Number of protein chains: 2
Amino acid sequence: MQKELTKIQQNILDYLVEQRSKSRTPTLAEIAKHFGYKNRSTVQQHLQAIERKGFIKRNPKISRGIELTFENNYFIPHPVLGEVAAGNPLTIYPDSIDTVELPTIAHVPNDSFLLKVKGDSLKDAYIFTGDIVIVNPNMEAESGQFVVAVLDNEAVVKRLIKKENVIELHSENPEYEPIKIEKTHSNFQLVGVVIGVYRTMAKKVG
Amino acid sequence: MQKELTKIQQNILDYLVEQRSKSRTPTLAEIAKHFGYKNRSTVQQHLQAIERKGFIKRNPKISRGIELTFENNYFIPHPVLGEVAAGNPLTIYPDSIDTVELPTIAHVPNDSFLLKVKGDSLKDAYIFTGDIVIVNPNMEAESGQFVVAVLDNEAVVKRLIKKENVIELHSENPEYEPIKIEKTHSNFQLVGVVIGVYRTMAKKVG
DNA sequence: AATAGAACCATACAAATGTATGGTATGTAT
DNA sequence: ATACATACCATACATTTGTATGGTTCTATT
C-alpha cells in the first residue's frame, strides 16, 4: 500500500519521530534549519511526498500539525543510562550505554531517565531482569517507595524505609539483607524515585 | 515557594496537562476557543500568571511553547477501557470504567488503549493483577505475541500461537488449558496486540 | 471611599507559520 | 532524446501566533 520513501524523506521522517518522542513536532522552519535548507518550501515538498506515501498526516493550517500515521507501530530507541542491580549493586554509567526500544506511547521528558534492571531481588515486587525502570531525580522520596541509590559508586534499586536516624534500603527478596544507611554516611546518594516500570512486549513491525 | 493558583488558572493548567498528554500543547487561540474566550490576550494574561507562580515555563516566540515545570511529578488520569482476565475471561466495558494515573512520561496516542489486568495466569510472563497493559488494535498479531481477544463477549489476554488451521490462546500458567480457536469460530475477535506493560510505582506528589 | 487584584475585552503589530507558484539542476527510466 | 521524479531555491501571500497596551467590570481588602 505504502510506497517506499527516498533516503531524504526517511531522514526527515526519522527526525519527526525523534522530535515527536520529545515533546513537539517541529515546524517547517525548524526542520529546514535542522537539515540546512534555506527554505521552508523544500521541507513542505518533502512532507507532501511523505504524506502522499502515507507515513504522516498533516493538519492543514495548524502549526506543528504533523501526525504519524503509524504511531503505535513505531518503536523509538531511548538511551538507557545504565544497569541497576536489584540484588547486588552494579555500576551506573555516566553516559548512555544502551538503548531500549519503547513504543511511541512512552514519552520521556527531559529530567527523567531510564535504567535497565538486572538481578532478581525485586521479584516479589514484580520487577525482573530486563525491565526498564523510569527514574525521576527531582521527586521527594517517601518511605516505602522504590528508589535508585548510589552506594560507593554502585547503583541499586530498592525500597526505601525511613526510620528514626537510619535510612534502610530493603530488597523484596528476603534472601538479601536490608542495607542500613546512617545519616552521616558519606558515600551514599539518592538518585531518584522509581515512578514506573515498563516492559516491552512486542517488537517493532514494518 | 509556589503561590496558589486561582480556580480559573487551575482549570487552564489542567487543560494544558490534558492536551500535553495527548499530543500538542495548545496555542493561545486554541485555549481561548476551548474556554470560550473571545480573545487571546485573556489567555496570555492567565498564562503569565501561571508562569509567575512557577507552574509552567514558556518558550518566548515559539508556537505551542509551553512547558510543564512539574513534568514528571504529575500524574495524568487515563481512561481504562476495562479489565481483562489473565486467567478466566472478564467483561470488557464499552466505555471507560476507571482511570489509572500514569506519569506524564506515558503519552497515549489516539488508537491505543489501556486495560487493567486481573488474575494470575500470566504470572510466568511477569504480568500481575493491577498492571496496565497497553493495547494496539492496529498491529498485526504474530505468533508468540501477547494479544487481547474477545471470546463470547469476554476479554482475555493471552499468548497467541498460530498453527495450521487453528489459533491457540495460551496462558503462561500451566494450570490453565490452551483455548483452541477454529478458523470458523464465530464468536472470536482479536482486539489487539499487547505492546507493553506498565506499572505505576509512585503516586502523585504535590 | 479608595485601592488592588482578578477576569475579561478590543485593538494593534511583528514575527512565525503554512502554503503556493515558478524556476533550476540532476539523475533515471523509456 | 524525451519524459519524469527528485531535490532544491527564491519569492510571495494569507493566517496563525505570540505579544503589548489600554480599558471595563467585579470583588475583596484596607
Side-chain angles (χ1 to χ4, degrees), chain A residues 1-69 71, chain B residues 1-69 71:
Chain A
M1 172 57 75
Q2 290 173 336
K3 293 178 191 169
E4 289 243 331
L5 292 177
T6 68
K7 196 161 189 174
I8 292 177
Q9 289 163 4
Q10 184 62 53
N11 285 343
I12 292 180
L13 183 58
D14 288 344
Y15 179 67
L16 294 180
V17 173
E18 181 195 324
Q19 292 302 114
R20 170 77 180 64
S21 73
K22 298 233 174 85
S23 53
R24 273 180 286 278
T25 38
T27 63
L28 300 207
E30 288 166 359
I31 299 170
K33 188 182 177 187
H34 179 263
F35 287 96
Y37 295 131
K38 295 177 180 173
N39 204 290
R40 284 165 289 152
S41 292
T42 305
V43 176
Q44 165 80 332
Q45 284 160 21
H46 283 139
L47 291 181
Q48 283 171 343
I50 297 173
E51 184 173 27
R52 222 179 304 119
K53 294 177 182 177
F55 291 85
I56 60 173
K57 187 178 177 312
R58 302 186 67 197
N59 289 337
K61 307 257 181 187
I62 290 180
S63 68
R64 305 176 189 278
I66 301 172
E67 282 170 31
L68 308 177
T69 55
E71 194 76 276
Chain B
M1 172 58 74
Q2 291 172 338
K3 293 178 190 169
E4 289 244 331
L5 293 177
T6 68
K7 196 161 187 176
I8 292 176
Q9 289 162 4
Q10 185 62 53
N11 285 343
I12 291 180
L13 183 58
D14 289 344
Y15 179 67
L16 294 180
V17 173
E18 181 194 323
Q19 292 302 115
R20 168 79 178 64
S21 73
K22 295 231 176 87
S23 54
R24 275 179 284 279
T25 38
T27 63
L28 300 207
E30 288 166 358
I31 300 171
K33 188 181 179 188
H34 179 262
F35 286 97
Y37 295 131
K38 294 178 181 172
N39 205 290
R40 284 165 289 151
S41 293
T42 305
V43 176
Q44 165 81 331
Q45 284 159 21
H46 283 139
L47 291 182
Q48 283 171 344
I50 297 173
E51 184 173 27
R52 221 180 304 121
K53 295 178 182 178
F55 291 85
I56 60 173
K57 187 179 177 311
R58 301 186 68 195
N59 288 338
K61 306 258 181 185
I62 290 180
S63 67
R64 306 177 187 277
I66 301 172
E67 282 170 30
L68 308 176
T69 55
E71 195 79 277

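Chain A is the first sequence line, chain B the second, and so forth, proteins listed ahead of strands; every chain is numbered from 1. Computed from a predicted model, the values in this text were never measured in an experiment.
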field: B/S/- contact track for nucleotides 13-18 of chain C, protein heavy atom under 4.0 Å
entry: ---SBB

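In this view, A:Asn59 and A:Glu67 satisfy the side chain to side chain donor-acceptor pair (under 3.5 Å) rule, not counting sequence neighbours. In this structure, B:Arg40 has no salt bridge (charged side-chain N to carboxylate O under 4.0 Å, His left out) partners at least two apart in sequence or on a different chain.
Side-chain contact between A:Glu30 and A:Gln19 is absent, with no heavy atoms from C-beta onward closer than 4.5 Å.
Protein chain B contacts DNA chain D from D:dT17 to D:dG22, reading 5' to 3' and using non-hydrogen atoms of the protein with a distance under 4.0 Å.
For B:Ile66 against B:Thr25, the heavy-atom pair with the smallest separation is O-CG2, 3.5 Å.
Comparing A:Ala49 and A:Gly36 along DNA chain D, the residue whose closest nucleotide (by nearest heavy atom) sits nearer the 5' end is A:Ala49.
Rounding to the nearest 0.5 angstrom, the gap separating the NZ atom in B:Lys53 from the OG1 atom in B:Thr6 is 5.5 Å. One distance of note links CG of B:Leu16 with CZ of B:Phe55; it measures 12.5 Å at 0.5 Å rounding. B:Gln10 CD to B:Asp14 CG: the interatomic distance, rounded to the nearest 0.5 Å, is 4.5 Å.
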Close N/O contacts between protein and nucleotides 4-7 of chain C (under 3.5 Å):
residue	atom	partner	partner atom	Å
C:dA7	OP1	B:Thr6	OG1	3.2
C:dA7	OP2	B:Thr6	OG1	3.3

Listing, residues 41-50 of chain A side-chain donor-acceptor contacts under 3.5 Å, not counting sequence neighbours, or none:
residue	atom	partner	partner atom	Å
A:Ser41	OG	A:Asn39	OD1	3.1
A:Gln44	OE1	A:Arg58	NH1	2.7
A:Gln44	OE1	A:Arg58	NH2	3.2
A:His46	ND1	A:Thr42	O	3.3

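A:Arg64 places no side-chain N or O within 3.5 Å of a backbone atom of B:Arg64 that could act as its donor or acceptor partner.
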